[in-house]
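Labels below follow one simple rule: chain letters A, B, ... track the order of the sequence lines, proteins then strands, and each chain is numbered from 1.
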There are 2 protein chains.
Amino acid sequence: MTARDPNPPSRGLRRTKDDVVDAALSVLDRVGLPDLSMRRLAEDLGVQPSALYWHVASKQELLAAVSARILAPVALRPGDPTDLGRAAVTLGHRLHDRLLAHRDGAEVVSSSLALGLVDSPVHDALRTVEDSPAARVVADAVTHYVVGVTFHEQQRRSADVWGTAASEVSLTASSVDSTDDGGFAAALALIAAGIAAWQESVGRPLDA
Amino acid sequence: MTARDPNPPSRGLRRTKDDVVDAALSVLDRVGLPDLSMRRLAEDLGVQPSALYWHVASKQELLAAVSARILAPVALRPGDPTDLGRAAVTLGHRLHDRLLAHRDGAEVVSSSLALGLVDSPVHDALRTVEDSPAARVVADAVTHYVVGVTFHEQQRRSADVWGTAASEVSLTASSVDSTDDGGFAAALALIAAGIAAWQESVGRPLDA
DNA sequence: ACCTGAACACCGTTCAAGT
DNA sequence: ACCTGAACACCGTTCAAGT
């Protein structure tokens, strides 16, 4: 059901909640978060603004659904590393790519995450490799670092990069920005190094 | 009407930009970010909304000035650790404290930081202990982790306040969630451990 | 089940004009 | 230099009523 018809949902027909989320993501990519209003979205769907509130309880709930859609592909797949450190780094890069795949993606996800309306996919995925307090700490560190730095990154380049083509480029995103990413990869490596050092001294608190 | 703060800007007198920032911080603490509007702030200052735009170019610029005020005490002081790892942890805790010192502090700072309208005080302070690419990476990791986790923390806190408002138990809030901070200190320790491990292998990339 | 029409209670910002 | 008055172009959300 993720493979949706990218074409207009037929002017005169009824919409599903999924259609509304689709449209919201598409409006987001075209006009950005500051211009994504319920009224603009309704116009795009050929519907009155009030109609949206049949499908969704509030704008924030809608943005949470959009966030969930953005984050869905961030998971561990067969063949991925199975140790905590390298799994965390893999997920960090995957999260980064996904946030960059949509205009203002990091900002949308940041607030949904803070409001607790969506869960960190890094958290969920790392739990399957190791269900421990340490894994939760690592998941938090990776999630908040990646979301924070991507938010900052995305504001800086909001004007020029997002001129026209938007929603089709999820695959090229990682190669595009890998030129600028020395600091990003380094920070994930830093966290991975922390995990290794920590695991060598299990039980002893590293904070003095 | 409104009980005025320590320094009453005197009903009939002119205001300075500093007065406006003071008032904004005070309104923020009283009503929270969602209800901090230019109109609400103007009312508090006994002035028309349009008057604010003589002191400030936009609401975002004002929030950046508020952020700078919140972050001002986050710095290294005499007697603080002078090695990168322990200085970073010290600054992380100090940043955490400052964000928690004002209602919705993390959210205000998060967006000012992302918009590039204010600089991370961790970045500035760590530069004085070691001006290197590694120090910049560490500053970013600490800043984004602390801001992200505190944002999340602060939302949960206000949700809890709403939840327990009916039972009128107000004093327990701060003691309840200060017990929950093991993960926070642990994550800073993780980053510190990463720094130590990294420094033992300078030049060798830790990311594989 | 899904949507319209109309309203309510707001926003940030601009700008000529006042003092 | 600092502020008023009035407007402009918007918001999110609710709700009775229609189909």
### Span that lies between the C1' atom of C:dA16 and that of D:dC3, in whole angstrom
13 Å
#### Entry: Rounded distance in Å between the P positions of C:dA17 and D:dC2
22 Å
### Task
Determine, stepwise, if the pair A:Arg30 / A:Ser26 fulfils side chain to side chain donor-acceptor pair (under 3.5 Å).
CA-CA 6 Å; A:Arg30 261 158 29 232; A:Ser26 148; 2.4 Å; yes
Distance-minimising heavy-atom pair for [X] and [Y]:
{"X": "B:Lys59", "Y": "B:Leu36", "result": "NZ-O, 2.9 Å"}
{"X": "B:Glu130", "Y": "B:Ala135", "result": "O-CB, 3.0 Å"}
{"X": "A:Ser112", "Y": "A:Leu63", "result": "OG-O, 3.5 Å"}

### Query
Which residues within residues 62-70 of chain B lie with some heavy atom under 4.0 Å of an atom in DNA chain C?
none
### Message
Output one letter per nucleotide in nucleotides 6-19 of chain C: B when a protein non-hydrogen atom lies under 4.0 Å from the base, S when only the sugar-phosphate is that close, - when neither is.
### Response
BB---BBBBB----
### Query
Taking atom C1' of C:dT4 as reference, at what distance in whole Å does atom CG of A:Leu45 sit?
15 Å
### Query
Rounded to whole angstroms, how far apart are CG on B:Leu52 and C1' on D:dT4?
12 Å
### Query
Are B:Asp140 and B:Arg136 close enough for a salt bridge, meaning some N to O gap below 4.0 Å?
no
### Task
For the pair A:Asp119 and A:Arg127, find out whether any cationic side-chain nitrogen is under 4.0 Å from an anionic carboxylate oxygen.
no
Are [X] and [Y] side-chain neighbours, meaning at least one heavy-atom pair lies under 4.5 Å?
{"X": "B:Leu62", "Y": "B:Leu41", "answer": "yes"}
{"X": "B:Asp83", "Y": "B:Val129", "answer": "no"}
{"X": "B:Val66", "Y": "B:Ile70", "answer": "yes"}
{"X": "B:Val142", "Y": "B:Leu91", "answer": "no"}

### Task
Identify all stems in which DNA chain D takes part, counting only runs of at least 3 consecutive pairs (Watson-Crick or G-U wobble, each distance under 3.5 Å), and give each as one range with another, ordered by first number.
C:4-8 with D:12-16, C:12-16 with D:4-8
### Task
Verify the contact: side-chain N or O of B:His55 to OP1 or OP2 of D:dC3, cut-off strictly under 4.0 Å; return yes or no.
yes
### Task
Ignoring hydrogens and angles, tell me if any N or O in the side chain of A:His96 forms a donor-acceptor pair with the backbone of A:Val146 under 3.5 Å.
no
